[in-house]
Amino acid sequence: MAAKTLAESPGLTSIPATHTFTPDLHGQVTSVPEGSIPVIDYSLLISGTPGQRSEIVHKLGRACQDWGFFMVINHGVPQKLLSSILDGCRGFFDLEEEEKQEFKGSHVLDPIRSGTSFNVSVEKAFYWRDFLKVFVHPVFYSPTKPAGLSEISLEYSQRVREIARGLLTGISESLGLEGSYIDKALNLERGKQIFIANLYPTCPQPELAMGMPPHSDHGLLTLLIQNGIGGLQIQHKGKWVNVGTLSNSFLVNTGDHLEILSNGRYKSALHRAMVNNKGTRISIAMAHGPSLDSVVSPAPELLVSNEGNEPAAYIGMKYKDYLELQQSNKLDGKSCLDRIRISAV
C-alpha cells in the first residue's frame, strides 16, 4: 500500500507494524551553526573574475572533502520553474492509485518507475515514502499524467543538468585535473540523469517511522529541492545534522562515483530522510551519473605524485552494473560502495 494512501486512512493514529522501526535507529542528532554548511555561488563559478572563480573552485573542493554536501545559490533557474516542478510532482502523487499503477515499472533500468518504500521485495519494514523515478537523459522520458508534467520536467531537467556539469568542471579542477576531465572520462554527454520525486506524508508516529534510511547515492552529484518542509539529515563527523535550505537554492551531495574517481579524496555523502507530523514533504532529487557503459575507477592522474605512487582504493566497475547492484539490495549505509573498496593489506 502506498504511504500516501496509508497516511490518509480515516482515523489513523498509529502506524502499522509493517512500517515500524526501533526508535534508536534515529541516532544522535545535532544542530550546526547557521551558515556552516558550505554555500557555493554558482554565478562566480561560471562568470566570476579569475580570482573569484579560483576561490569558488577551492571552496568546492573543501566542501566535497569535508562535508560531501553544499548549497548552490545564484544558479539561474527561475523560482517559478522550481515551484512548477514541485507542483507537477504533487499532481502525480495525487493521481488515483490505478493511474499511478500505469507507471509502476519492475526493473531498475525501466525508464519510468513509481512505487513505495525502496525495495519491498527485500525489506522487513517499509519506509514512509512514495516515489517516482524517471530517466531524463540521454533519452527523455516522462509519465503522461498529470497534464503538463512532461513539459515542465523536460525544461527543469535540462537546466539542472547544465548546472551539474558546471559544478563537475569546478570539481575536476579542484582535484588538479583538467576542467573537462570528468566530463570526458565518464562520457557525460551520454551520462545517466535520473529524476526522483519523493513524497513523505504526514505521519502520526514520526519517531517510529523512517522516510529513507542512511544511504549514499550512486553517480557523481545529486541536486535536490524540497517544498519547505524539513526532514533531510546528513552525517557530518559521525553525527546527524538537520539541514534547512536557503530560498531558491539547490542542496547538492556527492555520490559514490565521485568518491571512486577521486580515490577517496572526496567522500560520498551519507544522508537520510525523516518524517514528521506537521506536514507532507516533497523533494525532487536529480541524480547525475556517468554513461551506463562507463567503467568508473580512480583517475590514474591522482595515483601518481612526487611522493610516489598511491594505490588504487577501489576496483573499477561499469556504472550499469553498480546501479543494478545498489538498487536490488536493501539500503544499508554504504554497503554497495564497500563491495568495491580494496582493503589495505
Side-chain angles (χ1 to χ4, degrees), residues 1-10 12 15-16 18-21 81-105 110 112-120 123 125-136 141-150 152-153 156-157 160 194-206 208-215 217 222-233 242-245 250-251 253 271-287 327 331:
M1 182 186 290
K4 182 175 185 290
T5 304
L6 190 57
E8 293 174 352
S9 301
L12 183 74
I15 61 175
T18 51
H19 290 71
T20 301
F21 290 85
L81 180 57
L82 299 180
S83 299
S84 294
I85 192 63
L86 284 164
D87 289 344
C89 289
R90 180 179 284 280
F92 177 84
F93 290 120
D94 283 344
L95 292 173
E96 296 295 328
E97 283 306 309
E98 307 84 67
E99 294 181 284
K100 283 183 278 194
Q101 284 293 315
E102 297 174 30
F103 310 106
K104 186 177 180 181
D110 285 342
I112 302 176
R113 286 190 299 141
S114 70
T116 192
S117 195
F118 178 74
N119 185 348
V120 294
E123 290 161 354
F126 302 142
Y127 304 113
W128 200 259
R129 168 229 191 195
D130 295 335
F131 68 84
L132 169 67
K133 294 184 180 181
V134 186
F135 292 168
V136 291
Y141 294 90
S142 174
T144 52
K145 301 172 184 178
L149 177 59
S150 180
I152 299 167
S153 61
Y156 180 75
S157 300
V160 176
I194 309 174
F195 177 102
I196 308 154
N198 300 298
L199 179 90
Y200 304 102
T202 303
C203 181
Q205 291 179 298
L208 298 180
M210 178 66 70
M212 282 283 276
H215 67 284
D217 290 343
T222 299
L223 281 72
L224 180 131
I225 59 171
Q226 46 195 356
N227 67 336
I229 302 289
L232 181 68
Q233 295 181 345
N242 287 311
V243 181
T245 52
F250 286 100
L251 187 64
N253 69 269
H271 54 289
R272 66 186 184 183
M274 311 304 288
V275 295
N276 62 66
N277 57 5
K278 298 180 176 66
T280 293
R281 175 172 170 251
I282 294 178
S283 71
I284 300 173
M286 191 74 84
Q327 297 289 305
L331 281 189

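Everything numeric here is computed off the predicted structure, so don't read it as measured data.
- Checking side-chain atoms of D130 against main-chain N and O of L199 turns up no donor-acceptor pair under 3.5 Å.
- Taking every heavy atom of both residues into account, I15 and C203 meet most closely at CG2-SG, 3.7 Å.
- No salt bridge links D110 with K133; every basic N to acidic carboxylate O contact stays at or beyond 4.0 Å.
- Under the salt bridge (Lys or Arg N to Asp or Glu O under 4.0 Å) criterion, E97 pairs with K100, sequence neighbours left out.
- Expressed to the nearest 0.5 Å, how far CD1 of I225 lies from SG of C89 amounts to 8.0 Å.
- Under a 3.5 Å cut-off, the side chain of Q233 and the backbone N or O of R272 do not form any donor-acceptor pair.
- We find the CZ-CE distance between F250 and M286 to be 8.0 Å, quoted to the nearest 0.5 Å.
- A distance-only check finds a donor-acceptor pair linking the side chain of T116 to the backbone of R129 [under 3.5 Å].
- Here CG of N227 is found 6.5 Å from CG of L86. Values are rounded to the nearest 0.5 Å.
- Using modelled atom types and a 3.5 Å distance limit, the side chains of N253 and D217 yield a donor-acceptor pair.
- A distance-only check finds a donor-acceptor pair linking the side chain of N276 to the backbone of G279 [under 3.5 Å].
- A distance of 14.5 Å separates OH in Y141 from CZ in F103, rounded to the nearest 0.5 Å.
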Residue pair M274, Y200: steps toward the side-chain contact (heavy atoms from CB on, under 4.5 Å) verdict
CA-CA 8 Å; M274 311 304 288; Y200 304 102; over 6 Å; no

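- Judged purely by atom type and a 3.5 angstrom limit, E8 has no side-chain atom pairing as donor or acceptor with the backbone of T5.
- The CG atom of L132 sits 8.0 Å away from atom OG of S142, with the distance rounded to the nearest 0.5 Å.
- Annotation: side chain of P16 is not in contact with side chain of F126 (no heavy-atom distance under 4.5 Å).
- Scanning all heavy atoms of the two residues, the minimum distance from I85 to S153 falls at CD1-CA, 3.7 Å.
- A197 and F93 make their closest contact through O-CZ, 3.5 Å (heavy atoms, listed as atom of the first residue, atom of the second, distance).
- The aromatic rings of H19 and W128 lie perpendicular to each other, with more than 60° between the two planes, well past the 30° mark.
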Please determine whether side-chain contact (heavy atoms from CB on, under 4.5 Å) holds for the pair H271 and H215, giving the CA-CA distance in whole Å, both sets of side-chain angles, and the decisive distance to 0.1 Å.
CA-CA 6 Å; H271 54 289; H215 67 284; 3.4 Å; yes

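- Rounding to the nearest 0.5 Å places CG of L82 at 6.0 Å from OH of Y156.
- Side-chain atoms of T202 and N277 form no donor-acceptor pair, as typed in the model, at a separation below 3.5 Å.
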